[in-house]
**Q** 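Take this structure first; my questions come after.
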Amino acid sequence: MATPETESPSPQPEGDRYDPQAIERKWQLVWDAENTWVVANPGVPEFDASAPKSYVLEMLPYPSGEPHVGHLKTYSVGDAIAHFRRRRGFSVLHPMGYDAFGLPAENNAISTGEHPREATEKSIVAFREQFRRWGISIDWSREFGTHEPSYYRWTQWIFLKLYERGLAHRHEAPVQWCPQDATVLAHEQVIDGHCERCGTLVEQRKLEQWFFRITEYAQQLLDDFELLESWPENVVTMQRNWIGRSEGAEVTFRCDELELDFPVFTTRPDTLFGATFFVVAPEHPDVERLAAGTEKERAVRDYVNESARASAEERAEEERQKTGVPLGREVINPVNGERIPIFVADYVLMEYGTGAIMAVPAHDERDYDFAKAYDLPIRRVIEGADPEQARDDEGLPYSGDGQMVNSGRFDGKDNREAYDEIVDWLGSEDRGKPAVNYRLRDWLVSRQRYWGAPIPIVYCDQCGTVPVPEDQLPVLLPEIEEYAPRGKSPLAAAEDWVRTGCPSCGGEARRETDTMDTFVDSSWYFLRYLDPKNDEQCWAKEIADYWMPVDQYIGGVEHAILHLMYARFFVKALHDMGLLEAREPFANLFTQGMITREGAKMSKSRGNTVSPAEYVDRFGADTLRTYICFMGPPIKGGDWSDEGAEGIFRFLSRLWRLGREVAERTEAGGDARAPEAQPRATRETSAAGDARVLLAKAHWAIDKATRDIEPRFQFNTAIAAVMELVNETYRLKDRLYDDATGAAAVRFATATAASLLFPFAPHLAAEVYEWLAGERLWEQPWPEADPALLERDTYMLVIQVNGKLRDRIEVESDASEEQLLELARQSENVRRHLDGKAVVKEIVVPGRLVNLVAKG
RNA sequence: GCCGGAGUGGCGGAAUGGCAGACGCGCGGCACUCAAAAUGCCGUGUCCUUCGGGACGUGUGGGUUCGACUCCCACCUCCGGCACCA
């Protein structure tokens with residue numbers, strides 16, 4: 001049967017079975033050729049001012065090898081949201097880039113000699129190729145890698161801005177050193193005393209390093225959680241704990257002999273009268289001076305050396321006995337004038353507070369242990385005992401509340417009341433004040449590695465530390481021969497590059513040879529997408545202010561602290577520089593769970609990885625994407641199963657076959673528009689019986705899928721609703737083809753199924769929809785459920801006796817409570833259960849159930 | 001130790017005080033077929049049953065409620081984060 005092309009508005013299906021490869025290639029070519037997902041910035045003619053903006057972003061990938069299933073999940077989830085929002089009328093920005101600097105490429109270079117740039121760019125090609133085959137709707141016109149000079153030029157520029165404002169500074173500090181990677185690590189990159197990346201035990205070293213003053217923003221980082229629309233509670237909690245705010249007081253203890261003041265931070269100024277000794281950390285700068293000239297000098301030096309050798313891990317061991325040595329000096333307790341001995345002990349940490357503490361053994365477990373170990377006095381100053389905590393007959397230590405004792409004029413007071421009075425009193429004597437302390441430390445950004453953005457600083461004997469002038473950026477990464485680090489950055493070997501003129505005096509100077517932590521690169525990339533080609537500025541402010549903040553950010557929960565907090569810090573600092581209105585980068589955050597296989601994390605060594613490329617070859621991208629969204633709520637992890645993926649392939653095939661059959665058996669009629677755009681009269685009101693049932697199911701699916709996709713992110717149940725719609729259509733179609741209303745209902749139901757599936761299986765959905773409606777699905781608005789069709793004429797009334805299900809009967813939707821009760825009482829099964837009993841209470845919930853409470 | 005989150009069929013999961021187990025996987029049956037695959041349809045928590053139905057059932061124990069997977073209290077197990085943070 002030859003039909004002239006002009007008479008066939010919809011292309012007819014070809015072949016006799018679902019061929020994802022052909023369909024996916026077809027649509028990808030269309031989207032590519034037409035730049036379908038490119039979106040214009042304000043200020044250019046194509047800009048659409050009428051649509052509200054939505055910036056949908058997944059965390060940028062680190063390009064190493066090929067993408068894995070975790071990437072597939074992130075981008076499947078993000079793309080579903082991007083598609084959904086586009087069809088809901090938003091102008092959606094959905095860009096892509098690569099976090100291209102970093103250690104794996106460099107370690108690869110050390111073992112193979114392949115330039116990190118080559119390995120990285122090869123991998124970028126592989127990633128790009130996969131993303132295209134997955135059909136992710138990316139605006140490719142904004143793509144970049146953070147290793148490109150046109151990008152890291154601005155990373156360096158931001159470094160200089162931070163330096164200008166005193167937010168980047170260099171100083172010597174004890175730092176965490178990974179001997180395997182031969183570089184320092186940020187505090188956040190040390191997990192249980194081991195390198196986050198390679199697992200090697202880290203060492204402490206004292207080095208001159210660059211830091212970003214994230215601690216300046218500690219309070220804002222806490223306060224601005226208020227500005228976020230929706231972040232997972234656990235991520236907020238993790239950051240809160242990481243920042244670790246505690247309120248207390250700073251109290252000064254004085255060492256008379258040396259005329260030195262030692263401020264300490266305490267959260268318990270109410271226990272000051274119980275301080276029986278004083279402890280400083282081994283790294284405390286005054287330790288040497290304190291011990292000098294005393295008979296303990298030698299012992300102290302030995303102890304300090306020993307604890308410097310001890311690893312962070314050893315020091316943190318839980319069961320470890322407390323150790324320390326006396327310094328042979330005393331300080332004066334400001335509340336009672338008592339002279340108490342000073343110790344040096346490694347249970348006190350230099351990094352927190354002032355590196356010195358007042359020890360109150362009666363009310364602090366650690367001080368208690370130390371006092372017991374060295375036989376020091378323990379003086380109770382607060383009444384009470386906690387049996388869980390107490391370790392002796394006195395009920396000590398005790399860290400709870402109670403009446404004060406042994407505390408001079410505060411005796412008999414409630415410790416909570418005394419708290420403020422003591423701080424006030426110390427304040428008036430100038431020996432103390434209220435204080436807040438944070439656990440958060442400054443962000444160490446220097447890395448003694450090659451493959452990163454060079455720190456744009458020059459050292460000159462005359463002028464000291466000199467920032468590279470902006471017009472000399474970027475400081476290009478030089479080519480070198482030997483990547484292996486030797487305790488110094490490999491860049492130090494590029495002598496021609498290191499030697500440079502001082503930008504200030506023109507004399508001889510040397511470049512900083514450390515590069516920046518790659519987390520610096522990824523702390524602002526979401527801003528560069530907005531104006532990626534700009535050579536004059538990092539971004540135009542009006543463009544950034546239009547798109548920012550990111551409306552929906554998507555990524556793995558493993559970045560809950562590091563990346564997400566650094567990016568928040570950057571945006572706050574950039575805001576304060578006047579470069580940005582936004583105070584927070586990501587208004588909404590979605591963290592997806594990890595996909596496992598056979599219950600275990602996927603890893604090459606375990607041999608249980610799933611290669612997305614292989615599965616795309618086998619089932620097509622639509623199947624994979626839909627399966628991943630169907631495995632369970634994306635926020636949770638899920639266990640991969642080949643059978644499950646096959647099930648989705650079967651479902652998509654089923655929809656494909658249905659679409660093909662419906663396109664053949666029903667007429668599009670004179671109206672080639674999308675079914676949901678057709679006049680309501682032709683598609684609903686006249687429908688009755690099975691046609692009406694099917695239409696109601698379609699509208700139910702629209703309603704359910706829409707609410708499940710956003711704001712619930714419950715894609716698995718949205719897909720299940722489409723499956724139900726397809727099942728219902730299969731059940732009813734053969735009874736409906738024969739009359740026009742019925743056929744229209746089948747056509748509508750099938751097109752609606754495709755329409756709702758589009759965010760997950762865009763290629764197949766576009767294909768089926770084209771057959772049925774002759775339209776491009778992504779140009780159609782998201783369907784809206786008709787409330788009239790969501791309402792049912794009748795429903796199943798549940799009848800319970802004493803809360804137990806006894807019958808179900810179909811009733812009119814508008815039946816009154818009395819009628820419902822009457823119907824309930826008539827039920828034979830209900831009567832049997834009521835036999836010989838008196839109904840004492842009747843619960844009627846119209847639309848749901850009747851519950852008869854009977855006694856006797 | 002502290003702070004989060006979770007525990008539901010053979011499996012992944014659904015159900016935001018109202019029919020527990022939607023949807024999918026797996027399994028069983030029927031149709032189509034010479035046959036198989038594919039496809040379509042039906043069934044599938046456990047136990048009892050006179051086949052009408054009944055009892056039990058969401059980690060454990062208690063509580064609130066006409067009614068609890070859902071809310072409250074205590075406990076057990078697992079997962080994640082932090083951990084000598086004064």
Side-chain angles (χ1 to χ4, degrees), chain A residues 17 191-192 232-242 244-246 248 264-268 271 279 281 315-318 320 322 345-349 351-360 363-367 369-370 388-389 399 437-441 557-558 560-561 593-594 627 630-633 635-648 650-651 653-654 657 704 712 714 716-724 726-727 730-731 734 796-808 828-829 832-833 840-845 847-854:
Chain A
R17 87 155 69 110
I191 314 287
D192 291 335
E233 201 49 53
N234 61 327
V235 173
V236 173
T237 305
M238 278 159 74
Q239 290 204 4
R240 246 184 237 292
N241 292 343
W242 191 264
R245 182 184 204 272
S246 13
V264 301
F265 174 74
T266 176
T267 52
R268 295 297 303 273
T271 64
V279 189
R315 273 181 75 166
E317 242 174 69
E318 232 170 292
R320 189 165 179 259
K322 297 255 181 305
D346 67 6
Y347 82 92
V348 172
L349 309 174
E351 309 91 81
Y352 186 76
T354 61
I357 61 153
M358 65 169 196
V360 184
H363 305 288
D364 180 285
E365 293 187 27
R366 296 150 301 177
D367 298 343
D369 290 341
F370 192 82
E388 299 258 304
Q389 188 186 27
S399 54
N437 225 307
Y438 301 92
R439 213 189 67 113
L440 184 69
R441 310 196 194 145
V557 73
E558 65 273 17
I561 296 174
M594 196 173 44
Y627 173 56
F630 184 68
M631 286 169 75
I635 195 161
K636 290 207 221 157
D639 204 60
W640 179 274
S641 103
D642 279 14
E643 288 78 18
E646 279 161 26
I648 294 295
R650 276 203 291 274
F651 164 62
S653 303
R654 199 165 143 86
R657 280 191 303 273
K704 171 113 180 96
R712 294 185 71 205
Q714 188 119 327
N716 53 329
T717 51
I719 293 164
V722 181
M723 289 172 169
E724 283 194 54
V726 169
N727 290 345
Y730 264 86
R731 262 192 290 276
D734 291 330
M796 274 295 166
L797 179 74
V798 167
I799 304 170
Q800 301 178 332
V801 175
N802 289 334
K804 294 201 175 187
L805 174 72
R806 292 307 175 196
D807 204 357
R808 275 188 286 231
E828 213 169 296
N829 204 35
R832 190 160 49 235
H833 283 91
V840 294
K841 195 165 185 177
E842 293 158 336
I843 310 284
V844 184
V845 185
R848 289 199 185 272
L849 58 73
V850 169
N851 186 15
L852 302 173
V853 186

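A note on names: the letters A, B, ... follow the listed sequences, proteins ahead of strands, and every chain is numbered from 1.
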**Q** Assuming nearest nucleotide by heavy-atom distance, tell me which of A/Asp364 and A/Glu233 is located more 5' along RNA chain B.
**A**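 It is A/Glu233 whose nearest nucleotide is closer to the 5' end.
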
**Q** Whole Å only: how far is the CG atom of A/Leu852 from the C1' atom of B/C66?
**A**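 Value for this atom pair: 10 Å.
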
**Q** Take atom C1' in B/A31 and the same atom in B/A22, then report the distance between them in whole Å.
**A**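 My reading of the C1' atoms in B/A31 and B/A22 gives 27 Å.
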
**Q** Taking the C1' atom of each, how far is B/C25 from B/G43, in whole Å?
**A**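 B/C25 and B/G43 have their C1' atoms separated by 16 Å.
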
**Q** Check every atom of B/C84, B/A86, B/C3 against the side chain of A/Thr237 and return the nucleotide holding the closest atom.
**A**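 Output: B/C3.
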
**Q** Measuring from the side chain of A/Ser246 (C-beta onward, heavy atoms only), which nucleotide among B/A86, B/C84, B/C3 has the closest atom?
**A**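 Among B/A86, B/C84, B/C3, the one nearest the side chain of A/Ser246 is B/A86.
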
**Q** Considering every strand shown, what is the Watson-Crick or G-U wobble mate of B/G10 when both distances are under 3.5 Å?
**A**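 Matched B/G10 with B/C25 under the 3.5 Å cut-off.
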
**Q** Using Watson-Crick or G-U wobble geometry with both distances under 3.5 Å, which nucleotide pairs with B/G17?
**A**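 Because no pair has both required distances under 3.5 Å, B/G17 counts as unpaired.
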
**Q** Out of curiosity, A/Glu351 CD to A/Leu440 CG, how far, rounded to the nearest 0.5 Å?
**A**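 Those atoms lie 13.0 Å apart.
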
**Q** With respect to the side chain of A/Leu349, which nucleotide from B/C3, B/A86, B/C66 is positioned closest?
**A**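 Out of B/C3, B/A86, B/C66, the nucleotide with an atom closest to A/Leu349's side chain is B/A86.
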
**Q** Going by a 90° cut-off around 0, is B/G52 syn or anti?
**A**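 Classified syn.
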
**Q** Could you tell me the Watson-Crick or G-U partner of B/U39, where both distances fall under 3.5 Å? Say none if there is no partner.
**A**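 Its partner is B/A31 (Watson-Crick or G-U wobble, both distances under 3.5 Å).
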
**Q** Below 4.5 Å, heavy atoms only, C-beta onward: do A/Val360 and A/Arg268 meet side chain to side chain?
**A**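 A side-chain contact under 4.5 Å is absent here.
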
**Q** Just how far is it from atom CZ of A/Arg654 to atom CZ of A/Arg650, taken to the nearest 0.5 Å?
**A**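 The distance works out to 10.5 Å.
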
**Q** Tell me what A/Asp367 touches on the nucleic acid: a base, only sugar-phosphate, or nothing, going by heavy atoms under 4.0 Å.
**A**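 No contact at all - A/Asp367 keeps every heavy atom at 4.0 Å or more from the nucleic acid.
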
**Q** Starting from the C-alpha separation in whole Å, work towards a yes-or-no answer on side chain to side chain contact (heavy atoms under 4.5 Å, CB included) for A/Asn851 and A/Lys841.
**A** CA-CA 8 Å; A/Asn851 186 15; A/Lys841 195 165 185 177; over 6 Å; no

**Q** Could you work out the separation of B/A14 and B/U33 based on their P atoms and round it to a whole Å?
**A**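 Approximately 41 Å lies between the P atom of B/A14 and that of B/U33.
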
**Q** Between B/G61 and B/C42, how far apart are the two C1' atoms, rounded to whole Å?
**A**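 Nearest-Å result for B/G61 against B/C42 at atom C1': 42 Å.
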
**Q** Is A/Asp367 close to A/Ile357 at the side-chain level, that is, under 4.5 Å between some pair of heavy atoms?
**A**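 Of all side-chain heavy-atom pairs linking A/Asp367 with A/Ile357, at least one is under 4.5 Å.
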
**Q** Over all strands shown, is A/Tyr730 touching base, sugar-phosphate only, or nothing at heavy-atom distances under 4.0 angstrom?
**A**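 Counting heavy atoms under 4.0 Å across all strands, the contact made by A/Tyr730 is with sugar-phosphate only.
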
**Q** Out of B/C25, B/C82, B/C66, which has the shortest distance to the side chain of A/Ile843?
**A**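 Closest of the options to the side chain of A/Ile843: B/C66.
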
**Q** Expressed as a whole number of angstroms, how long is the span from A/Arg731:CZ to B/C42:P?
**A**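 Nearest whole value for this atom pair: 6 Å.
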
**Q** Give the rounded distance in Å between these two atoms: CD of A/Gln714 and P of B/A15.
**A**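 Whole-Å distance recorded here is 5 Å.
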
**Q** B/C82 base to A/Asn241 side chain: any donor-acceptor pair below 3.5 Å?
**A**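 No, no donor-acceptor pair under 3.5 Å.
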
**Q** What does B/G61 pair with, Watson-Crick or G-U, if both distances are under 3.5 Å?
**A**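 Checking every strand shown, B/G61 finds its partner in B/C73, with both distances under 3.5 Å.
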
**Q** For B/A68, give the paired nucleotide (Watson-Crick: N1-N3 plus N6-O4 or O6-N4; G-U: N1-O2 and O6-N3; both under 3.5 Å), or none.
**A**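 Answer to the pairing question: none, since B/A68 forms no Watson-Crick or G-U pair.
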
**Q** Measure the distance from CD on A/Glu724 to P on B/C23 and round it to the nearest whole Å.
**A**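 Those two atoms, CD and P, are 5 Å apart.
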
**Q** So, is A/Arg654 close to the B/C41 phosphate, meaning a side-chain N or O under 4.0 Å from OP1 or OP2?
**A**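 Answer is yes, contact under 4.0 Å.
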
**Q** What distance, rounded to whole Å, do you find between the two P atoms, one in B/C69 and one in B/G18?
**A**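 That atom pair is separated by 10 Å.
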
**Q** Quick one: which of B/G24, B/U39, B/G13 gets closest to the side chain of A/Arg657?
**A**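 Output: B/U39.
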
**Q** State the OH-CD distance between A/Tyr627 and A/Glu643, to the nearest 0.5 angstrom.
**A**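 It is 8.5 Å, given to the nearest 0.5 Å.
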
**Q** If you compare every side-chain N and O of A/Asn716 against the phosphate oxygens of B/A14 (OP1, OP2), does one of them come in below 4.0 Å?
**A**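 For B/A14, OP1/OP2 do have a side-chain N/O of A/Asn716 under 4.0 Å.
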
**Q** Between A/Ile648 and A/Met723, is there a side-chain heavy-atom distance shorter than 4.5 Å?
**A**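 Yes, close enough: below the 4.5 Å cut-off.
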
**Q** Scan every strand shown for a Watson-Crick or G-U wobble partner of B/C56, both distances under 3.5 Å, and answer none if you come up empty.
**A**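 Check on B/C56: paired to B/G45, both distances under 3.5 Å.
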
**Q** According to a strict under-4.0 Å criterion, is A/Arg848 in side-chain N/O contact with OP1 or OP2 of B/G17?
**A**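 Negative; the distance criterion is not met.
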
**Q** Considering only B/C82, B/G18, B/A86, which nucleotide approaches the side chain of A/Arg439 most closely?
**A**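 Nucleotide nearest to A/Arg439's side chain: B/C82.
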
**Q** Return the nearest nucleotide to the side chain of A/Val845; candidates are B/G18, B/C25, B/A20.
**A**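 Shortest atom-to-atom distance from the side chain points to B/G18.
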
**Q** Say we look at B/A15 and B/G7: how far apart would their P atoms be, to the nearest angstrom?
**A**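 Those two atoms are separated by 12 Å.
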
**Q** Using the P atom in both, what is the distance from B/C32 to B/G24, to the nearest Å?
**A**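 Taking atom P in both B/C32 and B/G24, they lie 25 Å apart.
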
**Q** Say you draw a straight line from NE2 of A/His833 to CG of A/Asn802; how long is it, rounded to the nearest 0.5 Å?
**A**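 Answer rounded to 0.5 Å: 10.0 Å.
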
**Q** How many angstroms lie between CD in A/Gln800 and CG in A/Asp807, if you round to the nearest 0.5 Å?
**A**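 One gets 11.5 Å once the value is rounded to the nearest 0.5 Å.
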
**Q** Is there a donor-acceptor contact under 3.5 Å linking the side chains of A/Asn241 and A/Arg439?
**A**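 Distance-only check fails for A/Asn241 and A/Arg439.
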
**Q** Give the rounded distance in Å between these two atoms: CZ of A/Phe630 and P of B/C11.
**A**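 So the two atoms are 17 Å apart, to the nearest Å.
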
**Q** Using heavy-atom distances to pick each residue's nearest nucleotide on RNA chain B, tell me which of A/Val853 and A/Gly647 is more 5'.
**A**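 Between the two, 5'-proximity favours A/Gly647.
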
**Q** What is the per-nucleotide protein-contact pattern of nucleotides 45-53 of chain B, from the 5' end, where B denotes a base atom under 4.0 Å from a protein heavy atom, S denotes such proximity for sugar-phosphate atoms only, and - denotes neither?
**A** -------SS

**Q** Using a heavy-atom cut-off of under 4.0 Å over every strand shown, decide if A/Thr266 touches base, sugar-phosphate, or nothing.
**A**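 Here A/Thr266 touches the backbone only, sparing every base.
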
**Q** How long is the straight-line distance from CD1 of A/Ile799 back to CG of A/Leu849, given to the nearest 0.5 Å?
**A**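 Interatomic distance, A/Leu849 CG to A/Ile799 CD1, rounded to 0.5 Å: 9.5 Å.
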
**Q** Respond yes when some side-chain nitrogen or oxygen of A/Lys804 is under 4.0 Å from OP1 or OP2 of B/C56, and no when none is.
**A**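 For B/C56, OP1 or OP2 has a side-chain N or O of A/Lys804 closer than 4.0 Å.
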
**Q** Can B/G9 be described as syn, meaning its chi torsion is within 90° of 0, or is it anti?
**A**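 Here B/G9 takes the syn form, which means its glycosidic angle is within 90° of 0.
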
**Q** Could you give the distance separating B/G4 and B/G54 at their P atoms, to the nearest angstrom?
**A**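 Nearest-Å result for B/G54 against B/G4 at atom P: 44 Å.
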
**Q** Grab the CD1-C1' distance between A/Ile719 and B/C25 for me, whole Å please.
**A**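 Taking atom C1' of B/C25 as the reference, CD1 of A/Ile719 is at 15 Å.
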
**Q** Atom CG of A/Asn234 and atom C1' of B/C3: how far apart are they, to the nearest Å?
**A**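 Interatomic distance, CG of A/Asn234 to C1' of B/C3: 11 Å.
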
**Q** B/A83 P sits how many Å from A/Trp242 CH2, rounded?
**A**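 Distance check: A/Trp242 CH2 to B/A83 P gives 5 Å.
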
**Q** According to the Watson-Crick and G-U wobble definitions, with both distances under 3.5 Å, which nucleotide is paired to B/C78?
**A**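 Matched B/C78 with B/G5 under the 3.5 Å cut-off.
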
**Q** Could you work out which one of B/A22, B/G18, B/G24 sits closest to the side chain of A/Ala720?
**A**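 The answer is B/A22, which lies nearest to the side chain.
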
**Q** Over all strands shown, is A/Glu842 touching base, sugar-phosphate only, or nothing at heavy-atom distances under 4.0 angstrom?
**A**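 The residue A/Glu842 makes no contact with any strand.
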
**Q** If we ignore hydrogens and angles and just use 3.5 Å, is the side chain of A/Tyr347 paired with the main-chain N or O of A/Phe370 as donor and acceptor?
**A**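 Answer holds: no.
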
**Q** With respect to the side chain of A/Asn851, which nucleotide from B/G18, B/A86, B/G26 is positioned closest?
**A**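 Nearest to the side-chain atoms of A/Asn851, counting from C-beta on, is B/G18.
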
